[in-house]
Amino acid sequence: MYQPDAAESVSLFISLACISIMALLFGRKTSATKINSINYARGLVVALYLVSWIFSVIAAMLVQTNNFNMLSCELSILSCIALYAMSKVIIYLFLMEKVYVVTAVGVTRSNFFLYKLNFAFMTPYIAVVCLMIIYRNSDVDMAGTGECVIGLQRPGALPLILYDIVMSSWLTFLFIRPLMSSTSLLQGPSKGKLRDVARRTLMGSLIALLTSSANIFTLVYFNGKERGLICLASCTVDVTLNAITIHWVTSRGASRSHQSTQRTTAERRHTRDPRHFTQGVTSDKQVAPLESHISVTVESYVEEYHQLHFGSSSSPLHSSPNHY
């Protein structure tokens, strides 16, 4: 009778834990949210959760059939390449959208040069994925232990590391530059909140970059000959940590949200009082975060800022119907 070893049991436990975590994050992010209220940026966040969850489910199935099974071994490396690449593309698109939101004022994506430039910078990723597919390893020791060995050779792994470092650093810099600049158009009561969002995004990008780089460096260290169970587990953890990081970046603390809700409620009551009509009008000009279970923080701040200072038609969030 076949007895799973410790590595198989640990890998299966990791996959099941990641499935539970992604289900929890997806539920918290989409609770009490209507589908028609999800715009493009928020849809990317939800898509990242779904891809991470699907990867964890596939990994859980492949872990149990990895030994003495060439088909499972081959599917392991292909699923790692496909779903891992898909998750990175979603993260790049998410960062591109944040850059667009804080830099474009009254300009659609099709007319915004920087957005088109960033989109063009993503095209080399197709070549990177092709190199990953060409220089993949998948082999089963049929005559011995039956262990599946998968991975990427250096010609496939090194371009992936370099591209990830360059693209993540570039998009993070473009996003943080206007928020930290003293001459930025995004001035006013919301500037402090936006800078806090910038810091969280910087930390999130660094965490995601470090975890992904560590995972790929492991493949380089083993020269594409890592045991399939370990590779699946490390990729599952990598994708899940990226999703958790994006969840943290796009979420507000409970205490801050509670304080904001209390402040907004108090201002509404204050405004309804005819004796304080003047003060009420003044308080309405404060840029407060929009309360939503699926809000992407910076979009909420910037959207309200543009509605206040430029009008709703000039906001980049409303200038393109495809954003929603």
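This structure is a prediction, so every number in the text was calculated from the model and none was measured.
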How many angstroms lie between atom [atom1] of [X] and atom [atom2] of [Y], to the nearest 0.5 angstrom?
X	Y	atom1	atom2	value
T172	K98	OG1	NZ	10.5 Å
S52	F26	OG	CZ	12.0 Å
L78	S138	CG	OG	7.0 Å
T236	L83	OG1	CG	9.5 Å
L25	I246	CG	CD1	11.5 Å
Y115	L174	OH	CG	13.5 Å

Is any side-chain heavy atom of [X] less than 4.5 Å from a side-chain heavy atom of [Y]?
X	Y	result
R136	I150	no
F175	L95	no
L232	S15	no
T108	F112	no
V89	Y125	yes
R227	N67	yes
R42	V45	no
V149	D141	no

**OP:** Kindly write out the residues that satisfy salt bridge (Lys or Arg N to Asp or Glu O under 4.0 Å) with E226, not counting sequence neighbours, or none if the list is empty.
**Re:**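 E226: no salt bridge (Lys or Arg N to Asp or Glu O under 4.0 Å) contacts found.
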In terms of hydrophobic clusters joined by side-chain contacts under 4.5 Å, are [X] and [Y] together?
X	Y	value
L44	L50	yes
L131	Y92	no
F222	L160	no
F217	I81	yes
L24	V51	no

List the atom of [X], the atom of [Y], and the distance in Å for their closest heavy-atom pair.
X	Y	result
S79	F55	O-CE1, 3.6 Å
L152	M132	CD2-O, 3.3 Å
I216	A157	CG2-O, 3.6 Å
T240	M22	CG2-SD, 3.9 Å
S213	I165	OG-CG1, 4.2 Å
A41	E97	CB-CG, 3.7 Å

Return yes if some donor-acceptor pair links the side-chain N/O of [X] with the main-chain N/O of [Y] below 3.5 Å, else return no.
X	Y	result
K29	T250	yes
S11	L229	yes
D238	N215	no
T123	F119	no
S234	C231	yes
N111	V107	no
S72	N69	no

Subject >> Partner set under side-chain contact (heavy atoms from CB on, under 4.5 Å) for P124, not counting sequence neighbours >> reply: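 If we apply the side-chain contact (heavy atoms from CB on, under 4.5 Å) test to P124, skipping adjacent residues, the hits are Y163.
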**OP:** Go through the steps for I21 and I244 under the test side-chain contact (heavy atoms from CB on, under 4.5 Å), then give the verdict.
**Re:** CA-CA 9 Å; I21 291 173; I244 293 174; 3.9 Å; yes
Crowded around [X] [atom1]? As in, over 12 foreign heavy atoms under 6.0 Å?
X	atom1	result
M203	CE	no
K225	NZ	no
Y135	OH	no

Original post:
Less than 2.5 Å separating the SG atoms of C73 and C148?
Top reply: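 Taking the criterion (SG atoms under 2.5 Å apart), C148 and C73 satisfy it, so yes.
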**OP:** Decide whether D164 and S168 meet the rule of one side-chain donor and one side-chain acceptor closer than 3.5 Å.
**Re:**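 Their side chains do contain a donor-acceptor pair, which is all the 3.5 Å distance test asks for.
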Subject >> CA sep, side-chain torsions, deciding dist, call: V57, W53, side-chain contact (heavy atoms from CB on, under 4.5 Å) >> reply: CA-CA 6 Å; V57 171; W53 182 83; 3.8 Å; yes
Original post:
Please walk me through it: do S87 and N242 pass side chain to side chain donor-acceptor pair (under 3.5 Å)?
Top reply: CA-CA 9 Å; S87 67; N242 285 335; 5.2 Å; no
**OP:** Decide side chain to side chain donor-acceptor pair (under 3.5 Å) for N66 and E8; before the verdict, give the C-alpha distance in whole Å, the side-chain angles of both, and the deciding distance to 0.1 Å.
**Re:** CA-CA 9 Å; N66 220 225; E8 184 174 344; over 6 Å; no
Original post:
Going through the checks in order, is the side-chain contact (heavy atoms from CB on, under 4.5 Å) test met by M122 and M167?
Top reply: CA-CA 8 Å; M122 288 190 61; M167 194 67 177; 3.4 Å; yes
**OP:** Please lay out, stage by stage, how N118 and W170 fare under the test side-chain contact (heavy atoms from CB on, under 4.5 Å).
**Re:** CA-CA 9 Å; N118 291 332; W170 167 250; 2.8 Å; yes
Original post:
Of all residues at least two apart in sequence or in a different chain, which pass the side-chain hydrogen bond (donor to acceptor under 3.5 Å, both in side chains) check with T218?
Top reply: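 Expected list: none.
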